[in-house]
There are 2 protein chains.
Amino acid sequence: MSEAFQVLAEPARRQILDLLRERPRLVGELTERLGLPQPSTSKHLKALREAGLVRVGRDGTRRWYRLCPEPLRAIDRWLAPYRRMWESSFAALERHLDSMPDDDDDPPAKEPT
Amino acid sequence: MSEAFQVLAEPARRQILDLLRERPRLVGELTERLGLPQPSTSKHLKALREAGLVRVGRDGTRRWYRLCPEPLRAIDRWLAPYRRMWESSFAALERHLDSMPDDDDDPPAKEPT
DNA sequence: CGAGTATATGCTTGCAAGAGAATATATTTG
DNA sequence: CAAATATATTCTCTTGCAAGCATATACTCG
């Protein structure tokens, strides 16, 4: 699962998956939407392929990429036991605990994406 | 969210979170359970802190680390639209498509962890 | 204050990975 | 075969860790 997390850490790659969620796409299509140079797109797609997150099909000179959600499913399964932490009735208590001051040397930085 | 994915790509850090899911723990406790040198544990904890995945509380010379699930929640939200892909009635069709041979230059490697 | 315990930080090294530019490969068309 | 199109690969450079070891800081107790 480490590889999936690693690959998903790149915003462009999550963007690709988001686009492929709608329907299969050509490399050129993705390149255009992402505003990246084509070689970059190809390299991201290679990473996604090696992680089993997408699959390719050739059609002459073009290649259709389509989503392959299995690795996401694995992540989802890992996440499951945590999900109950914010779905349970303890949510209110947790929010209370989280609002309590504790010494945090590294305040979580606000991240744009 | 990129930072959370990045941090979770390390198996030891996911292990730490799994231990903290049960209850808050001391650094020494985590170090022992993970079988890592203590400085490594501290460094992993620092990464988790900076990603907002854990919080610390001091008690004299000891530090209690506890889970902070918010960033996981963000990942869960990103995952949500994909979840329906394997929960829907299309699951059977997708399994069929996935079983079809397509030209895959990089067959997904079997990963131990 | 001095010693012991719990935790964090600094430094070095090796490696994986991202950006960017250039180029290679494969396929279709004329 | 030549040219055009779609996509992949290679190279160089730079940056970001992670491992491992040594050391620093902080707190407690006698």
Side-chain angles (χ1 to χ4, degrees), chain A residues 1-16 19-20 24-51 53-66 102-107 109 111 113, chain B residues 1-17 19-20 24-51 53-66 102-107 109 111-113:
Chain A
M1 220 170 43
S2 297
E3 191 184 6
F5 276 116
Q6 178 71 30
V7 163
L8 291 173
E10 198 71 19
R13 302 204 268 246
R14 292 200 303 277
Q15 243 184 300
I16 289 178
L19 286 168
L20 293 183
R25 311 236 184 207
L26 298 172
V27 179
E29 228 178 318
L30 295 168
T31 296
E32 186 184 2
R33 300 261 188 156
L34 299 177
L36 291 177
Q38 174 266 319
S40 292
T41 306
S42 278
K43 276 185 279 189
H44 286 311
L45 286 170
K46 179 175 189 176
L48 289 165
R49 248 184 296 143
E50 288 174 349
L53 282 158
V54 301
R55 300 213 176 163
V56 217
R58 300 195 187 170
D59 169 24
T61 179
R62 298 176 298 179
R63 302 192 170 199
W64 291 98
Y65 278 85
R66 67 175 212 272
D102 48 8
D103 48 333
D104 198 342
D105 293 349
D106 305 283
E111 182 196 11
T113 181
Chain B
M1 218 168 46
S2 296
E3 192 183 6
F5 276 115
Q6 178 73 28
V7 163
L8 291 174
E10 197 70 20
R13 300 204 269 247
R14 292 199 304 277
Q15 243 184 302
I16 289 177
L17 293 187
L19 287 168
L20 293 183
R25 310 234 184 207
L26 298 172
V27 180
E29 228 178 318
L30 295 168
T31 295
E32 185 184 2
R33 300 260 188 155
L34 299 177
L36 291 177
Q38 173 266 318
S40 292
T41 306
S42 277
K43 276 185 274 192
H44 285 311
L45 286 169
K46 180 175 186 174
L48 289 165
R49 250 184 294 143
E50 287 172 351
L53 282 159
V54 301
R55 299 215 178 161
V56 217
R58 300 194 188 172
D59 169 25
T61 178
R62 297 176 298 178
R63 302 193 171 200
W64 291 98
Y65 277 85
R66 66 177 212 270
D102 48 7
D103 48 333
D104 198 344
D105 293 351
D106 305 282
E111 182 196 11
T113 179

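Each chain gets a letter, A, B and so on, in the order its sequence line appears, and its residues count up from 1. These figures come from a predicted structure and were not determined experimentally.
Side-chain atoms of B:Glu50 and B:Glu3, non-hydrogen and from C-beta on, do get closer than 4.5 Å to each other. Side-chain contact between B:Leu36 and B:His44: present, with at least one pair of heavy atoms (C-beta onward) separated by less than 4.5 Å. For the pair A:Leu26/A:Asp59, no side-chain contact is recorded, criterion being any heavy-atom separation below 4.5 Å from C-beta on. In this structure the side chain of B:Leu53 never reaches within 4.5 angstrom of the side chain of B:Leu20, judged on heavy atoms. Using a 4.5 Å heavy-atom threshold, the side chains of A:Leu8 and B:Leu8 count as separate.
Heavy-atom minimum distance, B:Ala9 versus B:Pro11: O-CD, 3.5 Å.
The line from CG of B:Leu30 to CD of B:Glu32 is 10.0 Å long, rounded to the nearest 0.5 Å. Here CG of A:Leu19 is found 5.0 Å from CZ of A:Arg25. Values are rounded to the nearest 0.5 Å.
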Between the protein and nucleotides 10-21 of chain D, which nitrogen or oxygen pairs are less than 3.5 angstrom apart?
from, atom 1, to, atom 2, distance (Å)
D:dT10, O4, A:Lys43, NZ, 3.4
D:dA18, OP1, B:Glu10, OE1, 3.3
D:dA18, OP1, B:Arg13, NH2, 3.0
D:dA18, OP2, B:Arg13, NH1, 3.3
D:dG20, O6, B:Lys43, NZ, 2.3

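As a whole-Å value, the separation of B:Ile16 CD1 from C:dT7 P is 13 Å. Rounded to whole Å, the distance from CD on A:Glu50 to P on D:dA8 is 12 Å. The interatomic distance linking B:Arg62 (CZ) with C:dA8 (P) rounds to 13 Å, in whole Å. Atom CZ in A:Arg25 sits about 13 Å away from atom P in D:dT7, given to the nearest Å. Nucleotide C:dA8 holds its P atom 10 Å from the CG atom of B:Leu26, rounded to whole Å. When the P atom of C:dT27 is taken as reference, atom CH2 of A:Trp64 falls 18 Å away, rounded to whole Å.
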What does the B/S/- profile of nucleotides 25-30 of chain D look like, 5' to 3', with a 4.0 Å heavy-atom cutoff to protein? --SS--
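No hydrogens or angles considered: a donor-acceptor pair under 3.5 Å links the side chains of B:Gln38 and B:Ser42.
On a pure distance criterion of 3.5 Å, no polar donor-acceptor pair joins the side chain of B:Gln38 and the base of C:dA6.
Considering only side-chain N and O atoms, A:Tyr65 lies nowhere under 4.0 angstrom from the phosphate OP1 or OP2 of D:dA6.
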